[in-house]
Amino acid sequence: MNRIQTYDDLLNEKAELEKLLLVQRSIVRQDIAELKEELRPAKQLVSFLGKITLRDKNNSLLNLGVDVVGDVLIKNFLLAKTGWVSRLILPYFIKTFTSNVINKNGQGIVKKLTNGFRSQKS
C-alpha cells in the first residue's frame, strides 16, 4: 500500500482495491464450486441413507400397500430362511426405501399400472 498524498492517489488506490476485490471474489466462487463438486459423493450418500432410514409419510395409502407387500413377500418368502436379525431389520430398510421411491415416482408408476390394466381389458 502506497502512501496516499493527493486525491488522485486515493482514486488510484480505490481502483486497485476494487480490481483486487473482483479477483478475490472470483477465486472464492471458484473454490466454492470445487468444494461443491468434491462433496457431491457425500451429499449423495447422505441422501441415500435418508431414503433408507426416513420414510416419506405423504401418501399413507401407498405406505400401507408397501407395508403389506413388504410383510408378505419379504418376510415370508425372501427372508424365510434367514436369521431373526435379518428378518427384523432388512424389511424395515426395504419398506422405507421402497416407500420413498414410490412416493417420488408415484405418478409414473400409477400411469404404468393403469395402462397395463387397460391393455389387458382390451
Side-chain angles (χ1 to χ4, degrees):
M1 185 168 178
N2 297 336
R3 188 158 175 101
I4 300 171
Q5 294 181 358
T6 64
Y7 183 71
D8 290 332
D9 292 342
L10 180 65
L11 291 178
N12 290 336
E13 185 69 23
K14 180 182 177 186
E16 288 179 26
L17 290 174
E18 287 176 349
K19 289 178 186 177
L20 182 63
L21 179 64
L22 291 175
V23 170
Q24 293 295 327
R25 281 185 180 168
S26 67
I27 290 172
V28 168
R29 284 189 186 114
Q30 184 179 5
D31 288 345
I32 290 173
E34 289 174 3
L35 187 62
K36 283 182 181 180
E37 187 65 32
E38 289 177 12
L39 292 177
R40 183 178 292 167
K43 183 180 176 185
Q44 290 173 344
L45 177 67
V46 169
S47 174
F48 178 73
L49 290 176
K51 286 181 183 178
I52 289 177
T53 58
L54 301 173
R55 187 169 228 181
D56 187 0
K57 297 181 181 183
N58 290 335
N59 195 338
S60 60
L61 186 61
L62 283 176
N63 287 337
L64 179 66
V66 168
D67 286 341
V68 170
V69 170
D71 287 335
V72 171
L73 288 178
I74 295 170
K75 280 187 180 178
N76 296 337
F77 293 110
L78 296 176
L79 301 175
K81 296 184 180 183
T82 62
W84 66 273
V85 175
S86 300
R87 292 185 71 194
L88 184 66
I89 295 173
L90 285 178
Y92 170 76
F93 290 125
I94 293 170
K95 288 189 286 187
T96 304
F97 183 73
T98 305
S99 169
N100 285 317
V101 169
I102 287 175
N103 282 326
K104 181 181 177 188
N105 303 326
Q107 296 296 333
I109 293 171
V110 170
K111 286 181 183 179
K112 287 179 183 177
L113 287 175
T114 55
N115 289 339
F117 287 129
R118 286 182 186 156
S119 65
Q120 288 180 355
K121 288 181 181 179
S122 300

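The chain is numbered in sequence order, starting from 1. Hydrogens, waters and symmetry mates are skipped; everything else that's a heavy atom, side chains included, is used.
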Legend entry - Side chain to side chain, Leu21 and Arg25, heavy atoms closer than 4.5 Å: yes
Legend entry - Inter-residue atom distance Gln24.CD - Leu17.CG, 0.5 Å rounding: 11.0 Å
Legend entry - Backbone N/O of Lys43 and side chain of Ser47: donor-acceptor pair under 3.5 Å: no
Legend entry - Separation of Ile4 CD1 from Leu11 CG (nearest 0.5 Å): 9.5 Å
Legend entry - Pairing residues for Asp9 by the side chain to side chain donor-acceptor pair (under 3.5 Å) criterion, not counting sequence neighbours: Thr6
Legend entry - Cluster link Leu35 to Ile27, ILVMFWY, side chain under 4.5 Å: no
Inset, instruction - Name all residues meeting the ring pair (Phe, Tyr, Trp, His ring centres under 6.0 Å) criterion together with Phe48; count only those two or more places apart in sequence or in a different chain, and write none if there are none. - result: Phe97
Inset, instruction - Give, for atom CD of Glu18 and atom CD of Glu13, the distance between the pair rounded to the nearest 0.5 Å. - result: 11.0 Å
Legend entry - Partner set under side chain to side chain donor-acceptor pair (under 3.5 Å) for Arg40, not counting sequence neighbours: Glu37
